[in-house]
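Chain A is the first sequence line, chain B the second, and so forth, proteins listed ahead of strands; every chain is numbered from 1. What's counted below: heavy atoms across the whole structure, side chains too, no hydrogens, waters or symmetry copies.
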Number of protein chains: 2
Amino acid sequence: MFDLAKLGTRMQGLRHDRGMTLAELASVTEVSVSMLSSVERGQKAPTVVVLARIADGLGIGLADLINDVEPRRVIVRRAAEQDAVDEPGGWRRTIVSPVVPGVNLEWVRTTLPGGCDAGEFPAYAPGSHEFVLVEKGALRLSLDGQVTDLLAGDSVYFAADMTHAYANPGSEPCVYSVVALIMRPRGPQRG
Amino acid sequence: MFDLAKLGTRMQGLRHDRGMTLAELASVTEVSVSMLSSVERGQKAPTVVVLARIADGLGIGLADLINDVEPRRVIVRRAAEQDAVDEPGGWRRTIVSPVVPGVNLEWVRTTLPGGCDAGEFPAYAPGSHEFVLVEKGALRLSLDGQVTDLLAGDSVYFAADMTHAYANPGSEPCVYSVVALIMRPRGPQRG
DNA sequence: CGCTGTCATTCGCTATAGTGGAATCGAGTC
DNA sequence: GACTCGATTCCACTATAGCGAATGACAGCG
């Protein structure tokens, strides 16, 4: 069940952080003072439209307003800037998936020696997906420059239309599998 | 202004991806069919409470439903939070792939004790594909009754619109991964 | 050709979100 | 004390979210 009280508390905190009164927020959001007060007290459940106006008035995204209300079972990292170095070494990759006509799925199992960098891969066409499972050791995954460290058992999904690089930051070998659903680029496209 | 039509379209897409009807989603979410239909068509603005129930019924976070501007790009699942299911018979399966809206890919890693039979799975809809990689031990794969024995390192592809059964004929444990691309015809589906 | 089952939409009704206003209740301040 | 300011709570009222049931729409089947 959705925790209205928690949402209200969070809303009030954000409003106070900005030094706003209910009346001020009301004039910005076009939501009545009484409604704002009710929502902050968890006494009424706003519609998404009203909540979106409130979030906008607070200068944040609607999802941000909700994110902390719901316990997050996953970690989200957004694409940032591109910043990666590549240097191929003595690593080994195994193509697991047989080539099947009409199926654009690739399954590659890779073993990276300690300290080895598998290099950077270009962004695929939008709509491409990639899954990674670390079986052994540690893997450093860079997505458009955003670094994520993974240990054995960890798995990741990411939209593959961003540059992605794999490296083994540890000293012992790292074994990981990559399953990729690759979309063919439509029309002229680079990469 | 909040785009209700977009939210509705997204909701409907997610529901279709899961092969659910309005009635099925209604029974899971405790939201009436008519309300679901209205929201999908952008004709009504649900309250956060209702929207939270819908998101839950779709198996995603509320923020994910709302965050249409920026669909989730990166999802990390730590080893500690992997869903491990212990099936009767002493075998264990781990759902590797995070749930990604719009992507009907399933990645399951299974450990079968010696002599264990994981049982038979029904045929999926035509157009479904399945890949298997044996990491350790031996695996006996039965496809529409035809038996294939696999050893560590072996991999196989098969069109998943046939019945398929997994068993460990040896005495030592068998570890294997299955990547499945499932097409949704209709009706409830089981992994 | 109806009959039957399934899914989606529309319809009538009730519950409640949401408005505007006014009264009330603090805690300061002069 | 009187006055201000912000928040809360009442009120009457309207708009609409949300429900259950009826209605379409559309397939397969005799």
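For B:M35 and C:dG12, the CE to P distance is 19 Å, given to the nearest whole Å. Put simply, CG on B:L4 is 12 Å from P on D:dT16, counting in whole angstrom units. Atom CG in B:L36 sits about 11 Å away from atom P in C:dT9, given to the nearest Å. In this structure, the CG atom of A:L22 is 11 Å from the P atom of D:dT9, given to the nearest Å. Regarding B:M20, its CE atom lies at a distance of 11 Å from the P atom of C:dA8, rounded to whole Å. Regarding B:F2, its CZ atom lies at a distance of 13 Å from the P atom of D:dA17, rounded to whole Å. Summarising the geometry, the separation between CD1 on B:I54 and P on D:dA17 is reported as 12 Å, rounded to the nearest angstrom.
Residue A:V31 is in sugar-phosphate contact alone, with no base atom involved, counting any heavy-atom pair closer than 4.0 Å across all strands shown. Heavy atoms of A:E24 sit nowhere under 4.0 angstrom from any nucleic acid atom. Across all strands shown, B:Q12 has no heavy atoms under 4.0 Å from either base or sugar-phosphate atoms. Residue-level contact check: A:S37 touches the bases, meaning some heavy atom is under 4.0 Å from a base atom.
Taking all atoms of both residues into account, the shortest heavy-atom contact from B:L139 to B:A167 is CD1-O, 3.4 Å. Residues A:I66 and B:A63 share a closest heavy-atom pair of CG2-N, 4.3 Å. Of all non-hydrogen atoms in B:V49 and A:F2, the two that sit nearest each other are CA-CB, 4.2 Å.
Under the 3.5 Å distance criterion, the side-chain polar atoms of B:S37 are left unmatched by any main-chain donor or acceptor of B:V33. Between the side chain of A:R15 and the backbone N or O of A:M20, at least one donor-acceptor pair lies under 3.5 Å.
Within the structure, side-chain hydrogen bond (donor to acceptor under 3.5 Å, both in side chains) pairs that include any residue of residues 19-30 of chain A do not occur (at least two apart or interchain).
Contacts of residues 39-47 of chain A with DNA chain C (heavy atom under 4.0 Å): A:K44, A:A45, A:P46, A:T47.
In this structure, B:N168 and B:R140 have side chains that are not in contact, with every pair of non-hydrogen atoms separated by 4.5 Å or more.
Residue B:R15 places at least one side-chain N or O closer than 4.0 Å to OP1 or OP2 of C:dA8.
Along DNA chain C, the nucleotide nearest to A:L51 and the one nearest to B:S38 differ in position, and the one closer to the 5' end is contacted by B:S38.
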Salt bridge (Lys or Arg N to Asp or Glu O under 4.0 Å) between A:K136 and A:E172, worked out: CA-CA 9 Å; A:K136 194 189 302 182; A:E172 62 172 307; over 6 Å; no

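Side-chain atoms of B:S32 lie closest to D:dG18 of the nucleotides D:dT8, D:dG18, C:dT19. Distance from the side chain of B:V50 is smallest for D:dG18 among the nucleotides D:dG18, C:dT19, D:dT8.
Two end axes, each from the C1' atoms of five base pairs, can be drawn for the helix from C:dC1-D:dG30 to C:dC30-D:dG1; they diverge by 0°, to 10 degrees.
Between the base of D:dG20 and the side chain of B:S34 there is a donor-acceptor pair shorter than 3.5 Å.
Between A:H164 and A:F121, the two ring planes are parallel [angle under 30°; tilted spans 30° to 60°].
We find that B:R109 and B:E135 are joined by a salt bridge, their nearest charged nitrogen and carboxylate oxygen being less than 4.0 Å apart.
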